[in-house]
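Beneath this line is the structure, given in structure tokens, with notes to follow.
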Amino acid sequence: MRVLFVTTEMDDFVRVGGLGAVSAALPRALRPFADIRIMLPGYRDIIEQLTHIQVVGRCPAFAEMPACSLGRAATKDGMPVYVLLCSQLYDRPGNPYGDESGRDWPDNDIRFARFASAAAELAMGKLDKNWAADLIHANDWQAALVPAYLAWQGAKLPSILTIHNLAYQGLFPKESLRRIGIPESSFHIDGVEFYDQLSFLKAGLVYASHLTTVSGTYAREITTEEFGCGLEGLLRVRSDASELTGILNGIDESWDPRSCAQLAQQFGAGDWVGKKANADYVRKQFGLAVSRGPMFGIVARLVHQKGIDLVLSAADEIIDAGGQIVVTGSGEPALEQALINAHRRRPDAIGVAIGFNEAQARRIFAGSDFTLMPSRFEPCGLSQMYAQRFGSLPIGHQTGGLAETITDGETGFLFSRPSHESFLGGVRRAFEAFMAQDQLDTMRRSAMGRSFSWSISAGSYSKLYRKLAVA
């Protein structure tokens, strides 16, 4: 089966959030089941890292979208990758979605519509004369127009859209329709219109053959008003028709503290001296005081969704009880600054590194006793899986993937509401476990024994691919 996996991030080259990790791991796990190829925009970082790119096709200008070329290359381990080559759209500083100060590029409608329309053409066999797809798998709003462009061209190709986070929808003014060649007739409540704006994500929700999201719990949550972001009615219709499936993400095999080369010291379950060596390294790296108390780690995007404000409101109680907090990530400038201010107030007990460095993140998971995840909602979450494998017990809000991957009282702690009091209840339970050495030891062993293999997810996707291909 030939599958085109369309994404705007891949850890091999560029990462903003969890989509990059999924796009690097899931297609590789699917290789035994399918001839799967990845398509990415030709960002500067990607072009610089691919050694040999062969141009296999050209897309003419369309509406106000420029002409571009399609290149084919491969990762170091032979994964086929297509890149859309258009320097005026993708050769820019900053991240895939915005400039260096964090502002979205004003032409993101053209950037990602051009990408989606080219992906549809590739899938239909119009660009690479040696390859066409039997099925297309698009990810998040940036690729959500792919099923729509297929439908507008009358193609009968089955398509899947995976929702990694419903809160990011790709909303643009109605004028964008003309700029990106969308038929005016599709701009209505049962089409691409969302409160008089164009919604890229809604287009995918309407036109894709099947929708998936990244946990069973989140698949149910997004059909409710609380989590549906205004799209719950449409999602309920798709769910009632058995066209919405939750498939839990996995993590790759490199998340094993016995063999992870980036740790200060490798260790396994029961080797708490080895774990302590990582804690000592992290404390020294962040300039924290020597301590016998617990260390609470945060490896996250620093955005409102992740409940960083709840951590800030609980910081004094955590520190007064003998704990320390170590944070790495980037996101909203106001939250970044609030964390920096907290560090300046208590440099002995709060360590903050703005930005993302994977080696540092792994050492924080390895050195911390607990990982804080008070997300208001969490479609899947990966940090709680990484944390458990590295013996750091997650403290998470009982929502989405957190509810599915943390066993309360056995491999971590769940709390019921994203509120200050409810979160502190989870933190206090963690302190109690830390003081009870036998309980801490048992929980750590249980957490480190969990398997979050991608092969389980890949099996579920493979079944879905085959079902859609014969429909």
Side-chain angles (χ1 to χ4, degrees), residues 6-8 16-17 19 62-65 96-98 103-117 119-120 136-153 159-214 218-241 243-246 303-305 376-379 400:
V6 187
T7 179
T8 52
V16 177
L19 175 60
F62 173 42
E64 292 183 22
M65 302 188 294
Y97 315 123
R103 287 186 298 263
D104 286 353
W105 295 113
D107 61 346
N108 271 349
D109 55 344
I110 286 181
R111 296 176 75 233
F112 296 114
R114 174 75 281 186
F115 177 60
S117 63
I136 196 156
H137 185 163
N139 293 272
D140 267 353
W141 75 261
Q142 297 90 346
L145 282 181
V146 177
Y149 279 121
L150 289 170
W152 295 326
Q153 293 189 55
S159 58
I160 291 173
L161 173 66
T162 296
I163 306 155
H164 296 267
N165 191 331
L166 192 67
Y168 298 93
Q169 297 184 13
L171 298 175
F172 299 95
K174 185 182 176 183
E175 299 81 74
S176 285
L177 294 176
R178 174 181 47 79
R179 283 155 56 89
I180 61 179
I182 291 183
E184 189 89 23
S185 59
S186 67
F187 192 76
H188 53 82
I189 193 166
D190 295 318
V192 303
E193 183 265 339
F194 185 74
Y195 294 97
D196 208 38
Q197 289 183 292
L198 160 65
S199 168
F200 276 40
L201 185 67
K202 188 182 175 195
L205 301 184
V206 169
Y207 289 104
S209 313
H210 198 95
L211 308 175
T212 69
T213 191
V214 289
Y218 192 59
R220 292 188 295 277
E221 288 176 341
I222 60 177
T223 63
T224 68
E225 192 174 335
E226 184 181 358
F227 295 100
C229 302
L231 294 163
E232 60 274 5
L234 170 57
L235 288 161
R236 266 198 304 275
V237 169
R238 299 299 311 253
S239 180
D240 291 345
E243 294 167 351
L244 169 61
T245 306
V303 295
H304 179 70
Q305 175 208 333
R376 287 178 164 80
F377 63 94
E378 192 61 73

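Side chains are part of it too, since the values below use all heavy atoms of this structure and drop only hydrogens, waters and symmetry mates. Positions are given from 1, in the same order as the sequence printed here.
- Proximity of Leu205 to Leu235: side-chain heavy atoms (C-beta onward) are separated by under 4.5 Å at one or more points.
- Rounding to the nearest 0.5 Å places CD of Gln142 at 9.5 Å from CG of Leu201.
- Side-chain atoms of Tyr207 and Ser186, non-hydrogen and from C-beta on, do get closer than 4.5 Å to each other.
- For the atom pair NE2 (His137) and CD1 (Ile160), the distance works out to 5.5 Å, reported to the nearest 0.5 Å.
- The two residues Phe62 and Arg114 have their closest heavy-atom pair at N-NH1, 4.2 Å.
- Counting heavy atoms from C-beta outward, Glu232 and Ile222 have side chains that stay 4.5 Å or more apart.
- Within the 3.5 Å criterion, the main-chain N or O of Tyr195 finds a donor-acceptor partner in the side chain of Glu193.
- Without hydrogens or angle criteria, Arg178 side chain to Ala63 main chain gives no donor-acceptor distance under 3.5 Å.
- Taking 4.5 Å as the limit, some side-chain heavy atom of Ile182 sits within range of a side-chain heavy atom of Leu198.
- Side-chain contact check for Lys202 versus Val192: every heavy-atom pair is 4.5 Å or farther apart.
- Looking only at side-chain heavy atoms (C-beta outward), Tyr168 and Asp140 stay at 4.5 Å or farther from each other.
- Across every non-hydrogen atom of Ala203 and Ala148, the tightest pair is CB-CB, 4.3 Å.
- Note that CG of Asp107 is 11.5 Å distant from CD of Glu64, once rounded to the nearest 0.5 Å.
- In this structure, the side chains of Asn165 and Gln305 come closer than 4.5 Å at one or more pairs of heavy atoms.
- Arg220 and Thr223 form no side-chain donor-acceptor contact under 3.5 Å, judged by distance and modelled atom types alone.
- Expressed to the nearest 0.5 Å, how far CD of Gln197 lies from CD of Glu175 amounts to 10.0 Å.
- In this structure, Lys174 does not pair ionically with Asp196, as no charged nitrogen and carboxylate oxygen lie closer than 4.0 Å.
- In summary, the aromatic rings of Phe112 and Phe200 are positioned with their centroids too far apart to meet the 6.0 Å limit.
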Criterion side-chain contact (heavy atoms from CB on, under 4.5 Å) on Asp109 and Arg179, from CA distance to verdict: CA-CA 8 Å; Asp109 55 344; Arg179 283 155 56 89; 2.9 Å; yes
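- The distance from the CD1 atom of Ile136 to the OG atom of Ser159 is 7.5 Å, given to the nearest 0.5 Å.
- Scanning all heavy atoms of the two residues, the minimum distance from Gly228 to Leu166 falls at O-CD2, 3.3 Å.
- Closest of all the heavy-atom pairs between Gly204 and Leu211 is O-CD2, 3.9 Å.
- Taken from OG in Ser209 to CZ in Arg238, the straight-line distance is 7.5 Å, to the nearest 0.5 Å.
- Shown here for Ile180 and Met65, the closest heavy-atom pair between the two residues is O-CE, 3.7 Å.
- Looking at Tyr97 and Thr8, their side chains come closer than 4.5 Å, going by heavy atoms from C-beta outward.
- Judged by distance alone, the side chains of Thr162 and Thr212 do bring a donor and an acceptor atom under 3.5 Å apart.
- For the pairing with His164, the side-chain hydrogen bond (donor to acceptor under 3.5 Å, both in side chains) check across Thr7, Asn139, Thr213 returns one residue only, Asn139.
- Between Leu171 and Phe194, the shortest heavy-atom contact is CD2-CD2, 3.8 Å.
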